[in-house]
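Since the model is a prediction, treat every value here as computed from it, not as a measurement.
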Amino acid sequence: MSAGAAGRHMPFAAAGVPRYWVVGQDAAQTVTMYRLNGDHYEAWASMPLAWVLDTAPAGHDLV
């Protein structure tokens with residue numbers, strides 16, 4: 001995540017939001033999933049939006 005993007009998401013971290021997703025503007029609409037680790041977020045997965053929509057939530061490591 002760029003320094004600018006990290007700064008935009010600091011309110012999420014301060015509020016304790018454990019995870020969030022970002023959908024890219026690329027042709028595959030790549031979804032990058034971030035997890036809170038202490039006081040910052042780390043990317044833990046990245047895949048095409050079509051895969052996310054075609055899989056059960058358990059496959060997204062959300063449950």
Practice item. Mind listing the closest non-hydrogen atom pair of Tyr34 and Trp44 along with its distance? Key: O-CZ3, 3.0 Å
Review point. Less than 4.5 Å apart, any side-chain heavy atom of Val52 and any of Trp21?
Key: yes
Point to revise | Check: Met47 and Thr30 side chains under 4.5 Å, non-hydrogen atoms | key: no
Review point. Which heavy atom in Glu42 sits nearest to a heavy atom in Asn37, and how many Å separate them?
Key: OE2-ND2, 2.9 Å
Review point. Mind checking whether Leu36 and Tyr20 have side chains closer than 4.5 Å, heavy atoms only?
Key: no
Study note, to complete from the structure: Here the pair of heavy atoms bringing Tyr41 nearest to Val17 is OH-O, 2.6 Å
